[in-house]
Amino acid sequence: MRWKSEMEKSDELPLRYNPTANEAYFNKRPLKVATRAAEIGGLSLNFALGLWWDATQNKIQENQSLRARQLRKLLTVLGPTFVKAGQAVSIRVDLLPPEYLAELKKLQDDVPAFPNDVALRIISEELRSSSPGSTVENTFSEISPSPVAAASLGQVYRARLRDTGEEVAVKVQRPDMLETVALDLQLLRLIAPRIKAAKGLNTDLVGIVDEWGTRFIDELDYRREAKNAMDFLLAMEQQGLQAVTTAEVVFDVTTKRVLTTKWVDGVRLDESSYGDEAKLCGVALNAYLTMLLDTRVLHADPHPGNLLRTTDGRLCILDFGLVTELTEDQTYSIIEYISHLISENYNAVPGDLGRLGFVPVGKEEAMQDAGVVKVLAEAFKRLAQGGGAKAVANAAGRSKGGGVDELGRELQDVSGKYGNLFQIPPYFAYILRAFSVLEGIGLTMDPDYAIAQACYPWLAKRLFTDDSPRVKVALKEMLYGTGAGAGDLEAQSVSPDAATDGLSAEQQLNVKRLRRLSGAFKSFNDSVAPKKAAADGSGAPDALAVTSGADGAPKVQGATQEVLDVLLAPKGSFLQELLVAELARMTDVLARDSITRAFESPLGRATDTIFAQQRDLVAMLGPLRPFLLPVPLPGEIAQWVAPALQRTEQDAATLATRGAWGGQTIEGAVEGFRTPIRRGFYGRVVVAEGAHKSSEIVRLGALVV
């Protein structure tokens with residue numbers, strides 16, 4: 001009996017995802033595997049035959065509602081693995097007809113519940129396992145007679161703690177989830193290689209299944225979910241995202257299969273009618289970008305059932321069972337990719353895709369092909385314009401022999417030449433899922449929603465505040481154009497003394513983009529700190545707006561203060577270095593231009609005549625000059641510095657940049673910053689030496705930036 005007990009124990013499924021152990025477990029249960037495969041195949045075939053019949057009888061539109069209901073019921077019957085898939089596409093208005101969206105939306109929190117007596121039994125078992133003697137009755141003074149919500153893995157009850165009287169949400173897991181999910185994952189692993197071979201894919205489908213399986217099995221341990229939620233709450237507080245929260249965990253009443261959190265009053269974001277839904281969509285995107293690229297732990301299940309608008313106007317993100325993690329190198333590669341999309345530097349995107357792992361081994365050289373670069377640049381340009389997949393498809397339908405049609409032919413040519421160029425790296429599968437859902441939510445609010453452009457506020461914040469070498473290069477390229485920071489990236493450093501060195505005449509400060517980045521940075525701070533923004537009561541002021549208080553002292557908008565904090569931080573920043581270098585370069589050009597103009601005036605021409613006479617005199621003295629006139633004459637000095645005063649092509653471009661500021665002089669621009677600084681804001685005195693050829697002439701004085 002002891003031997004049998006040990007054999008049974010070794011034959012159990014592991015609590016963490018282990019494909020080898022899972023395979024060994026189900027190899028001993030071939031009938032169970034065959035039965036499940038037949039169930040999935042039979043039920044799916046019935047639905048597929050219905051779609052085929054509709055197509056042959058020209059009744060697709062007529063039967064759309066019927067088929068949508070059948071699909072929702074099919075996914076529900078097939079279980080949590082398939083319900084998760086339905087939830088992921090239930091918000092994609094650009095991919096599915098409205099009838100399907102309406103039905104699949106029910107999978108978000110309205111899956112059929114399992115019996116109450118089973119749920120209460122599981123709660124009691126879990127409470128006793130963590131605290132002997134604990135029961136539902138002595139833990140809760142009241143609990144709802146039926147679940148208030150039911151989803152793929154569990155259902156939620158509304159209850160009140162007996163000890164504190166606090167209202168809580170109690171989530172209890174469905175029975176036998178581990179074996180159900182593990183069996184579906186094993187079947188997916190079996191068919192993944194066949195699908196890959198049949199479709200000629202580069203993507204490691206088995207790797208994606210294993211990545212999904214790891215996160216999915218982890219989701220079954222509610223203790224992990226509790227830790228993830230509290231880590232998220234702490235991270236959002238540290239990042240200053242006051243507009244984002246989650247339900248606080250009650251750890252004393254949380255176990256592996258029961259999760260208890262404080263009750264959150266609110267409405268689903270997609271059902272809210274407070275008028276701030278679009279803003280909260282921006283808050284959601286900023287929060288997810290912060291998770292993805294700052295904390296590097298991403299909530300990977302953002303369907304609308306998990307996004308609430310609280311009564312105080314904040315965004316509450318629920319259900320942290322499904323998360324994915326990134327490395328530091330992956331986060332910087334994604335930042336560079338987003339930066340290139342927003343700055344419309346589409347030619348750099350193929351390189352980004354390679355660094356992100358979307359290009360399989362052996363296909364790297366194809367990314368250098370001019371035809372491939374052109375096609376990808378055009379494809380990403382169209383996608384970045386917004387509207388999702390439906391907008392691209394509509395553009396294709398309107399195209400007459402050009403545009404998207406031409407793009408399609410070029411894509412076919414590239415595929416014919418190189419085969420399938422891309423793959424989805426396993427680590428990116430959950431990222432794509434999360435941001436696909438976020439894009440879907442945005443598209444429900446705005447049919448022209450462009451997720452790449454919606455990333456601008458977060459990107460501005462990161463570019464302005466991160467002094468890592470790769471982000472410095474991204475900022476430099478954003479402000480000065482393609483290739484502006486390439487040499488810096490190779491050296492893995494960006495020298496403050498060379499912030500604008502090595503720039504061609506074409507690579508001038510993009511004033512419009514700098515202004516847009518400043519406004520986006522302010523927008524980010526407005527969105528994540530709504531209480532501070534509301535206190536201002538001034539709508540959407542200029543990015544550097546300063547108003548007067550009752551006592552005449554300057555009063556800076558809440559988010560404007562954040563902009564000034566970055567621009568004027570005593571410890572300095574790369575943005576400061578760029579602006580100081582730009583001021584030095586512009587002052588250098590203006591100084592030389594002023595001297596040149598002075599010599600072109602009537603008085604200047606008269607002075608030049610005198611200088612010429614002085615030079616003639618020096619020539620007449622010949623070898624006696626050192627004895628008779630040991631000190632250089634002004635005319636000689638003017639002759640020596642004349643080459644440095646000549647206007648170059650780059651000077652002309654710099655003067656044009658100055659004009660883009662709206663005709664402000666350097667002194668006027670600096671004075672605009674001095675007023676708030678003198679009244680008590682951060683000040684920083686920077687002494688910048690004149691740049692380029694005339695550094696021996698021009699010395700910039702103390703400029704307050």
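Computed from a predicted model, the values in this text were never measured in an experiment.
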If the condition is side-chain contact (heavy atoms from CB on, under 4.5 Å), which residues does Asn228 pass it with, not counting sequence neighbours? Phe320, Val323
Could you check if a side-chain atom of Arg433 sits within less than 4.5 angstrom of a side-chain atom of Asp301, using non-hydrogen atoms only? yes
Is there a side-chain hydrogen bond (donor to acceptor under 3.5 Å, both in side chains) between Thr327 and Asp329? Walk through the geometry before answering. CA-CA 5 Å; Thr327 66; Asp329 181 68; 5.3 Å; no
Please lay out, stage by stage, how Tyr17 and Asp210 fare under the test side-chain hydrogen bond (donor to acceptor under 3.5 Å, both in side chains). CA-CA 8 Å; Tyr17 180 69; Asp210 288 342; 2.7 Å; yes
From Met291 atom CE to Leu298 atom CG, the distance as rounded to the nearest 0.5 Å: 6.0 Å
Please examine the side chains of Asp270 and Lys105, heavy atoms only from C-beta on, and report whether any two atoms are closer than 4.5 Å. yes
Between Arg174 (side chain only) and Gln155 (backbone N and O only), is there a donor and an acceptor less than 3.5 Å apart? no
Counterpart residues, salt bridge (charged side-chain N to carboxylate O under 4.0 Å, His left out), relative to Arg36 (two or more places apart): Glu39, Asp184
Asp176 atom CG: more than 12 heavy-atom contacts under 6.0 Å: no
Non-hydrogen atoms of Leu269 and Glu277 that approach each other most closely: O-CG, 3.9 Å
Between Gln186 and Arg189: side-chain donor-acceptor atoms closer than 3.5 Å: no
Heavy-atom closest pair, residues Val244 and Val283: CG2-CG1, 3.5 Å
Under-4.0 Å salt bridge between Glu142 and Arg160: yes
Does the side chain of Ser152 come within less than 4.5 Å of Thr81's, by heavy atoms? no
Rounded to the nearest 0.5 Å, what separates atom SG in Cys281 from atom CG in Asp446? 10.0 Å
Nearest heavy-atom approach of Pro115 to Asp117 is CB-OD1, 3.1 Å
N-O pairing of Glu126 and Lys256 below 4.0 Å: no
Please lay out, stage by stage, how Phe428 and Phe358 fare under the test ring pair (Phe, Tyr, Trp, His ring centres under 6.0 Å). CA-CA 9 Å; Phe428 214 86; Phe358 281 86; 4.9 Å; yes
Is there a donor-acceptor pair closer than 3.5 Å between any side-chain N or O of Asn306 and the backbone N or O of Pro302? no
Could you report the tightest heavy-atom contact between Cys455 and Leu289, atom names first, then the distance? SG-CD1, 3.9 Å
For Pro80 versus Met177, what's the shortest heavy-atom pair and its separation? CG-SD, 3.8 Å
Does a side-chain heavy-atom distance below 4.5 Å link Thr295 with Gln238? no
Does any non-hydrogen side-chain atom of Lys171 lie less than 4.5 Å from one of Leu318? no
Is it true that Arg215 and Glu219 have a side-chain N and a carboxylate O under 4.0 angstrom from each other? no
Is atom NZ of Lys227 surrounded by more than 12 heavy atoms (other residues, nucleotides or ligands) closer than 6.0 Å? no
